[in-house]
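Proteins come first, then strands; the chains are lettered A, B, ... in the order of their sequence lines, and each starts at number 1. Any value given below was found using the heavy atoms of this structure, including those in side chains, with hydrogens, waters and symmetry copies removed.
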Amino acid sequence: MLLIHCPYCDETLPESEFAYAGEAHINRPADPSALSDEEWRDYLFIRTNARGPHYERWRHIHGCGRFFNAVRDTVSDRFLMTYEAGEARPDLTVKEAAE
Amino acid sequence: MTHFSAMSLLRNALTGHKNWREQWPDSQPKAEYDVVIVGAGGHGLGAAYYLAKEHGITNVAVIDKGWLGGGNTGRNTTIIRSNYLYDESARLYDHALDLWENLSQELNYNVMYSKRGVMMLAHNVHDVQSFQRHVHSNRLNGVDNRWLTKEEAKAFCPPLNISPDARYPVMGAALQMRAGTARHDAVAWGYARAAAARGVDIIQNCPVIAIRRGPDGSVQGVDTAKGFIKAKKVAVSAAGNTSVVMDSAGVRMPLESFPLQALVSEPVKPIFPCVVMSNTVHAYISQSDKGELVIGSGTDQYTSYSQRGGLPLIEHTVAAICEVFPIFNRMRMLRKWGGIVDVTPDRSAILGKTPVEGLYVNCGWGTGGFKATPGAAHTLAWTVAKDEPHPINAPFTLERFTTGRLIDEAAAAAVAH
Amino acid sequence: MSRYRIPGMGRVDPAATVSFTFDGRTYQGLRGDTVASALLANGVHLMGRSFKYHRPRGVVTAGSEEPNALIGTSRGKGRFEPNTRATVQELRAGLTTESQNKWPRLSFDIGAVNDRAYMLFSAGFYYKTFMWPRSFWDKVYEPFIRAAAGLGKSPTEVDPDSYAHRNLHTDVLVVGGGPAGISAALTAAKSGARVVLVDENPEMGGSLLSDPSVRIDGRGSWAWLAEQLSQLRAVGVRLMTRTTAIGYYHQNFVGLVERVTDHLDQPPHGAPRERMWHVRAEQVVLAQGALEKPLVFDGNDRPGVMLAGAAQTYLNRYGVKVGDNAAVVTSHDSAYYAAFDLVDAGARVAAIADTRDSVRPDLLDAARKRGIQVLTGHTATATEGRLRVKSVRVNPVRNGQVGAGRKIACDVLLISGGWTPSLHLFSHTKGSLTWDADSRTFLPNHKTEACQIAGAGRGLWGYGPVLEDGVKAGMAAAQALGRSAEGSDARVEGDRPGTGSSQKELPTDRSPGKAKAFVDYQNDVTAKDIRLAVREGMRSIEHVKRYTTNGMATDQGKMSNINGLMIAADALGKEPPQVGLTTFRPPYTPTSFGAFAGYHKGATFEITRKTPIDPWAEARGAVFEPVSLWRRAWYFPQAGEDMHAAVARECRMTRASVGMFDASTLGKIEVAGPDAVEFMNRMYTNPWTKLAPGRCRYGLLLGEDGFIRDDGVIGRMSQDLFHVTTTTGGAARVMNMMEDYLQTEWPDLDVWLTSTTEQWATVALNGPNARKVLEKLVEGQDLSDEAFPHMSVAECTVAGLPARLFRISFTGELGFEVNVPARHGLQLWKAIHDAGQQYDICPYGTETMHVLRAEKGYIIVGQDTDGTVTPQDAGLDWAIGKAKKDFVGKRSLSRPDIVAPNRKQLVGLLTEDGTKLEEGAQIVLDPNQSLPMTMAGHVTSSYDSVALGRPIAMAVVTGGHGMMGKTVHIPMPNGTIRATVTSTNFYDPTGERLKA
Amino acid sequence: MTTQRHEFDPTPFLVEELPWAPRFSLRVRPEHRAALAGALSLELPSKVGQRSTAAGTEVLCLGPDEWTILAQDADALTTASSAAYAQIPHSLVEISDREITLRISGAQALTALTTGCPRDVEAMPVGTGARTLFDTATIVLWRDDRQSFRIDVWRSFLPHVHAILDQVLVELKSGL
Ligand SMILES: Cc1cc2nc3c(=O)[nH]c(=O)nc-3n(C[C@H](O)[C@H](O)[C@H](O)COP(=O)(O)OP(=O)(O)OC[C@H]3O[C@@H](n4cnc5c(N)ncnc54)[C@H](O)[C@@H]3O)c2cc1C
Ligand SMILES: NC(=O)c1ccc[n+]([C@@H]2O[C@H](COP(=O)([O-])OP(=O)(O)OC[C@H]3O[C@@H](n4cnc5c(N)ncnc54)[C@H](O)[C@@H]3O)[C@@H](O)[C@H]2O)c1
Ligand SMILES: Cc1cc2nc3c(=O)[nH]c(=O)nc-3n(C[C@H](O)[C@H](O)[C@H](O)COP(=O)(O)O)c2cc1C
Ligand SMILES: [Zn+2]
């Protein structure tokens with residue numbers, strides 16, 4: 001059972017209050033009809049499935065209800081950070097340097 | 001290769017088992033192969049075996065980052081069945097079943113394929129409709145699968161609780177008699193031994209770091225921890241790690257890797273005669289030939305490469321088992337473990353050619369690819385040898401995610417009212 | 001007093017006799033005994049049979065790592081469990097136990113013939129044989145192999161006990177209540193931290209209970225222990241005994257299982273048998289101690305051969321002398337102390353054979369003083385004794401040469417191959433290990449979690465160093481929590497330092513190929529099996545494990561892993577760290593299923609949701625069906641009616657007059673805000689802009705892949721407010737999907753979603769007399785067709801209750817749906833029921849609802865569609881807002897395969913001969929094909945229609961929309977049925993009744 | 001370890017179902033929170049978990065833009081809401097019937113909650129609240145006192161929560 005920091009509640013809480021919501025920063029195209037079948041497939045189905053730091057979404061579904069983003073290492077399952085939905089993809093190298 | 005038989009066993013017993021030979025040698029990579037297969041699971045080893053046996057291509061290396069069979073082949077609940085709904089799937093899995101039937105003899109390795117029957121429980125009207133649909137479709141596809149009343153189900157599997165008061169009462173079941181289990185490790189070892197006997201190199205503890213492509217885009221070989229290995233054809237059969245390997249060839253995949261857990265109980269005398277699956281309650285169970293109850297759990301919600309998994313999920317699984325089989329409440333869990341399964345959007349495999357010349361892929365089996373091992377390996381070998389789809393694997397392309405021609409068994413069983 | 005009990009020793013209560021049975025014989029033990037200690041006190045060593053060879057076995061250990069002494073235990077009906085370790089099960093009055101894996105009896109077991117043929121049963125033998133003739137596998141070989149497998153027998157009755165769960169958050173969790181754990185807990189607690197200390201034993205103390213010889217802080221060690229425990233209590237440490245840490249998960253989440261009642265004579269009413277604790281700790285201290293290893297030599301498994309530490313435990317903790325005349329074979333100093341304690345308690349120790357050439361002089365002295373002969377540089381090469389060891393053969397080893405052996409008579413043989421730090425939990429976290437070349441053991445290395453490892457668990461030896469280490473770990477934990485901690489060092493007198501060496505199998509002068517030198521006792525894995533595996537190419541330790549099953553028994557390698565590794569490494573010509581260990585996995589010891597399930601059993605296995613009207617249905621004898629988490633009234637049988645008759649009546653009465661239906665389970669979402677209509681436009685396929693307030697519309701929701709996900713009627717309550725309904729099973733999913741788009745794709749929209757599924761109770765009224773019934777109850781709304789036409793919605797009063805009233809129909813009849821606040825749902829239902837009496841109003845269930853809607857061709861998402869059906873496939877193109885530029889799923893509808901001809905399309909089917917089709921039956925165009933047939937679709941819904949006087953069906957058929965009037969075939973096991981393709985709108989196709 | 005004693009506890013905790021009371025879900029963008037609070041004469045705490053009480057109306061902040069309101073005067077609230085809507089778009093939805101509230105109090109109330117709540121209830125300050133879980137049911141948990149809690153449970157989930165609490169009660173009464 002993971003331990004997750006909700007950036008909205010500013011609390012670190014057990015995984016059972018949260019729902020995983022897939023890879024983050026895959027924005028819905030503004031005009032889907034302008035996309036080729038391949039581009040639309042990429043949006044629908046192609047996933048990074050990163051081994052290591054993974055940008056992903058969670059929802060604090062049994063809590064504040066907010067969707068938010070996280071970077072989690074998929075090898076250790078450890079969260080590197082969480083941040084609010086809509087925030088830009090953080091640059092991990094900067095974060096590491098700061099630590 | 002020493003032929004295995006009761007006689008050879010007896011002969012060796014009399015000489016203190018000193019004369020058994022290696023089942024496969026500890027190969028070191030050569031500079032070049034005709035075909036390199038990434039991943040020494042059942043699928044990869046099987047493909048190598050069929051390449052050698054049926055296509056005469058023996059200059060083949062199977063490369064694994066760890067010990068052979070240490071991926072999902074070595075950690076699955078070994079359920080084998082072919083009563084799938086769609087023609088494409090039924091054909092593929094039934095082809096595998098045909099091969100399972102004689103696999104021990106073919107490989108001269110007892111893989112203990114046990115046709116104990118797989119029974120799938122229906123707990124609500126929707127399940128009944130869905131399973132009936134399977135039964136009918138299977139019948140017309142020539143795949144064995146029949147409907148049991150709940151009393152028949154109980155007679156077939158006495159530990160089953162069919163009380164109408166259960167939270168999820170059993171309303172009937174679909175039974176495939178030809179289905180069952182096999183000894184997971186023996187499948188990997190049997191293929192490894194038989195492939196090695198035909199000249200295939202099995203290279204362990206050698207992670208493939210990248211697939212190298214030439215200026216024209218075609219495959220040139222693989223970079224590994226033991227150096228570059230040249231090959232015009234590379235087949236990736238890396239299960240949970242497929243995305244990472246394919247990414248190195250510049251091919252992005254419609255895959256996500258999740259931790260999937262399983263567990264065994266302490267061993268007991270025979271009590272459970274078949275395999276039972278309940279999708280609604282999320283319980284999968286059989287008894288192994290060593291006596292443990294082998295129980296499958298679900299995937300954790302998040303992607304992971306950690307081969308671990310959480311406790312709550314296991315608690316749910318065990319509760320589900322005890323709901324359906326209340327006599328097991330005082331049994332004890334001996335061990336639980338995790339594997340990494342790669343899941344496609346339609347939960348069917350991707351099997352065959354890729355947009356890259358010389359690159360083939362066999363992945364996306366999710367929680368259910370052990371049963372397909374001989375079938376997938378057999379048809380992949382064909383595709384690699386001939387550079388064209390086998391009629392059976394032809395529908396399982398990558399293109400289907402572009403065109404929308406998905407093979408979605410899970411969606412077909414979708415629960416909604 | 002039993003023959004082998006020593007008065008005045010042990011922590012058992014000499015005044016409290018407890019009787020129990022073993023294999024039908026009654027024995028006396030004392031309160032505080034385990035089954036094993038009590039049997040040993042009675043001179044019983046033979047307690048079980050091994051897995052493969054059925055060799056007679058006695059206890060090897062005194063703890064949870066026991067591989068041999070597994071018994072069946074029971075306390076009355078439904079309370080039997082197999083494979084219980086006799087070394088752990090505490091005595092309780094009336095305990096019944098039995099031995100396992102033997103026939104006809106423990107002392108004479110037919111299965112032991114396997115032992116004679118043991119050369120045949122070498123590692124992996126079954127992979128090499130049983131293949132011919134092919135058919136024999138299913139019928140002969142496999143059943144034979146299976147019958148031989150397994151240890152105890154499974155329970156066969158339902159367990160009447162209950163099991164509990166608890167969550168616990170703490171600053172520090174200390175696992176292991178030995179000296180290291182105790183001092184860590186006390187140190188951390190004194191810093192003000194919340195501390196939990198757990199130990200799997202019935203009391204804290206760890207090795208102090210087994211070896212109390214030292215004095216600590218000037219007191220006897222047990223007096224010191226008692227004082228420590230009261231201090232721990234005083235500073236508020238939660239002490240949990242009989243509690244095993246079973247698994248160490250992510251971010252210091254540890255699963256504990258507490259055995260609550262198995263030791264009690266009379267468990268109090270309501271007490272759970274076991275309790276699973278989910279602990280989240282800021283800091284974890286692992287003080288699990290170390291496990292002693294056996295030595296591997298021919299005959300090291302006879303009853304009476306046990307670990308030296310175990311013998312010491314039986315003596316000091318239980319006051320039981322395991323024999324009168326012991327011999328010792330060891331490679332570690334600790335066995336000397338065991339021997340000394342035995343001699344001091346009045347037993348004889350014939351000799352200590354030490355594999356090492358040199359031994360600490362003080363040990364030799366102490367042995368000599370006690371009259372014990374010490375043979376250094378010796379190996380053990382054989383034992384004798386069938387059901388109890390009689391002698392051991394020891395031989396000198398000089399320069400690798402094994403000299404002549406001599407027999408030493410004994411009635412117990414104590415062995416010690418050194419100690420392995422218990423790093424199981426640490427390994428669960430994927431913490432890495434490092435090989436310590438001096439002690440030849442693995443020690444913890446890189447940590448992945450916030451934990452400290454202390455005591456024997458990290459290779460320390462002797463109470464002084466271990467106590468000090470515990471203090472350090474406690475301080476480290478406290479400091480990591482930002483607290484300042486002080487440690488006080490304990491003064492230990494008479495400490496027993498110790499070292500030793502790890503061994504492969506002991507050298508022998510006989511043919512090693514013939515030796516039955518056991519590595520894994522329970523699974524009967526011998527040293528030669530491991531060497532055979534390596535010879536056959538199993539170079540990875542994981543292959544060795546799987547090929548030989550070494551370490552796969554119920555002790556999970558606690559006895560066998562390191563010995564197996566030593567032998568495998570030797571066979572491979574490598575150093576042990578190059579070979580490595582297999583993976584430790586949870587649970588630490590085998591754990592009851594019941595403890596995992598906890599409260600989730602029977603009625604509380606999973607939530608059952610019920611509507612406010614459910615009690616009425618239940619009182620009326622309704623039959624229910626589960627739909628997602630809900631239970632819904634399926635039909636309301638009257639006396640003598642079966643389902644078919646009840647549904648036929650409900651259908652008839654509804655169409656003839658009026659029926660009522662509990663629709664409360666439908667999902668409801670309040671979509672509110674200035675951008676509500678824009679949001680609806682983006683989510684649903686339909687256009688919403690022009691829908692006037694007070695009107696409603698059927699809404700269709702797709703996934704982004706273009707396939708139908710959900711549907712429902714949606715009312716526009718006002719300009720900025722929509723009352724959305726969803727399917728029963730889809731409610732939560734739809735809500736989540738909407739929130740997802742709203743929060744992450746369109747956060748700019750001013751709109752909010754509130755689930756109101758349970759705010760409203762919903763009653764549907766259908767039938768030509770629906771208006772007449774309702775009119776009597778409605779205030780504030782004219783129900784005439786002009787004022788309130790089909791697809792209207794209004795707020796008004798119904799039966800005196802504030803209501804949202806919809807005029808909609810899922811039956812094709814004049815229909816209304818009344819929503820009132822849920823607490824009034826039952827009142828509304830009764831009011832309508834009363835008002836409808838005059839029209840013979842008929843309550844109906846989900847089955848009738850399904851029939852009536854099918855007669856109109858209305859789909860059920862999930863039944864007539866699965867996750868592969870598009871709006872066009874379902875004939876719902878009309879629900880797509882053609883002018884809309886975008887909505888969820890729109891882009892996918894133009895993918896090549898979605899626009900391809902010959903997709904499966906939803907149609908009606910009427911059988912030519914009037915038989916009712918089976919749902920799920922497959923459709924073919926050419927009935928004369930051979931198998932496998934090309935299928936063209938399947939029947940999605942099929943019912944006997946009372947209104948039409950014939951069965952009707954819906955089906956998806958390839959190119960079905962273009963096949964109206966054509967014949968298709970449904971091949972069934974007993975003949976093929978012909979059916980005509982029709983529209984799905986079977987009943988009242990022009991919709992007259994709807995508009996009534 | 002010689003004697004086998006256990007202490008029985010006749011009343012470990014008490015579960016009461018509280019009477020119906022008007023309850024609303026209020027949603028508004030954070031930037032409009034203060035303005036809306038003024039318009040509705042409410043104190044809307046800005047931090048998730050915080051509560052306010054004024055004139056008998058209780059407010060609990062459940063999310064950055066979500067509050068549960070136990071209204072003293074429901075009509076006044078809805079009227080004020082309608083009046084403010086045009087200026088300050090928001091959503092006020094009545095949910096009085098969606099949840100039923102239980103009060104759980106007594107010496108072992110906290111223990112009872114820890115059987116089903118995964119979060120650290122003990123650490124939750126008195127006077128705060130949170131949406132969380134009890135067993136598999138979503139609940140809103142209010143801590144009113146050290147040993148007194150309220151939980152709001154969706155109506156159809158209540159029997160399950162009750163059934164588990166009943167088992168826990170029996171368990172705690174046994175003293176083990
Ligand atoms: C717990 C569990 C239960 C399951 N239950 C069932 C079941 O009951 N029935 C069923 O049919 N299926 C089941 N499955 C699924 C099944 O196990 C798999 O689909 C199947 O075994 C996959 O076989 P494989 O040979 O493709 O993969 P694997 O056996 O996983 O082999 C892939 C190999 O690739 C190697 N590899 C990966 N990356 C690299 C690299 N970069 N370089 C070199 N080598 C690499 C890995 O080390 C691994 O050995 C289950 C899976 C799990 C985890
Ligand atoms: N017989 C002997 O002479 C002997 C043997 C071993 C150790 N010692 C001495 O004992 C000391 C070791 O002290 P220590 O405190 O490190 O270890 P310990 O062995 O005294 O205590 C460890 C405790 O942890 C418990 N435990 C282990 N895993 C557990 C789990 N998963 N859940 C719950 N409980 C668990 C064990 O049952 C044991 O009670 C050393 O000083 C050593 O010299 C003496
Ligand atoms: C079908 C099956 C049966 C198993 N039976 C046992 C068993 O009896 N004892 C045991 O210790 N492990 C058993 N295992 C689990 C393995 O020990 C191991 O956990 C699993 O292969 C995963 O590897 P890992 O735990 O080393 O990562 C079994 C695994 C499978 C797939
Ligand atoms: Zn939150």
Side-chain angles (χ1 to χ4, degrees), chain A residues 1-6 12-26 28-29 32-33 35-63 67-82, chain B residues 65 207 209 238-248 250-259 261 298-316 338 340-348 350 355 363-364 366 397-406 408:
Chain A
M1 170 126 69
L2 309 180
L3 198 55
I4 305 176
H5 185 82
C6 174
T12 303
L13 296 162
E15 180 195 333
S16 45
E17 287 194 5
F18 297 82
Y20 181 67
E23 187 169 350
H25 302 294
I26 301 179
R28 188 172 191 273
S33 63
L35 264 51
S36 70
D37 286 334
E38 285 72 22
E39 288 165 332
W40 184 243
R41 170 207 60 201
D42 288 359
Y43 163 68
L44 283 184
F45 298 133
I46 301 297
R47 295 293 175 262
T48 307
N49 200 19
R51 185 189 169 97
H54 185 237
Y55 295 80
E56 61 192 27
R57 306 187 316 137
W58 287 81
R59 184 177 181 203
H60 192 188
I61 189 162
H62 302 290
F67 282 84
F68 60 89
N69 294 330
V71 192
R72 186 177 52 93
D73 184 332
T74 58
V75 177
S76 66
D77 294 332
R78 206 169 256 284
F79 283 87
L80 306 180
M81 64 183 299
T82 57
Chain B
K65 64 184 166 78
I209 299 154
N241 287 291
T242 306
S243 294
V244 182
V245 178
M246 292 295 284
D247 203 39
S248 76
V251 182
R252 299 190 64 216
M253 298 294 287
L255 290 172
E256 290 184 290
S257 295
F258 294 95
Q261 297 185 74
T299 52
D300 270 292
Q301 53 175 344
Y302 49 84
T303 62
S304 172
Y305 287 87
S306 73
Q307 282 187 347
R308 287 174 77 184
L311 178 60
L313 194 73
I314 287 290
E315 290 175 344
H316 178 80
I340 312 164
V341 297
D342 51 339
V343 179
T344 62
D346 65 359
R347 286 169 191 74
S348 286
I350 302 168
C363 67
T397 58
L398 256 175
E399 283 81 57
R400 69 180 191 272
F401 300 101
T402 314
T403 65
R405 217 194 50 71
L406 305 182
D408 203 335

Problem - Region of B:I314 that comes under 4.5 Å of a non-hydrogen atom in chain A - result: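 The answer is neither part of B:I314.
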Handout entry: Under 4.5 Å from any heavy atom of chain A - which part of B:D247
Key =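 Neither part.
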Practice task
List the atom of A:E17, the atom of A:H60, and the distance in Å for their closest heavy-atom pair.
Solution key: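 It is OE1-NE2, 2.8 Å.
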Practice task
For B:G364 and B:L255, work out which heavy atoms get closest and say how close.
Solution key: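 Heavy atoms only, the tightest pair is CA-CD2, 3.8 Å.
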What part of [X] gets within 4.5 angstrom of chain B, counting heavy atoms only: side chain, backbone, both, or neither?
X	answer
A:L2	side chain
A:D77	side chain
A:E56	side chain
A:T48	both
A:W58	side chain
A:A21	neither

Handout entry: Residues which pass side-chain hydrogen bond (donor to acceptor under 3.5 Å, both in side chains) with A:R28, listed by chain and number, not counting sequence neighbours
Key =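 Partners of A:R28 by the side-chain hydrogen bond (donor to acceptor under 3.5 Å, both in side chains) criterion, ordered by chain and then number, come out as C:E704, C:D886.
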Exercise for the section: Could you tell me the separation between the NE2 atom of A:H54 and the OG atom of B:S304, rounded to the nearest 0.5 Å? Expected result: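 Here the interatomic distance stands at 11.0 Å.
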Handout entry: B:T303 side chain to A:R72 side chain, donor-acceptor N/O pair below 3.5 angstrom
Key =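 On atom types as modelled, these side chains qualify, holding a pair under 3.5 Å.
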Handout entry: Backbone of B:S257 reached by a side-chain donor or acceptor of A:N49 within 3.5 Å
Key =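 Between the backbone of B:S257 and the side chain of A:N49 there is a qualifying donor-acceptor contact (under 3.5 Å).
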Practice task
Indicate yes or no for a side-chain donor-acceptor contact from A:T82 to the backbone of A:N69 under 3.5 Å, with no hydrogens or angles considered.
Solution key: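 Looks like no, no N/O pair under 3.5 Å.
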Handout entry: For chain B, the option from A:E23, A:R47, A:E38 that forms the most heavy-atom pairs under 4.5 Å
Key =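 Winner by heavy-atom pair count: A:R47.
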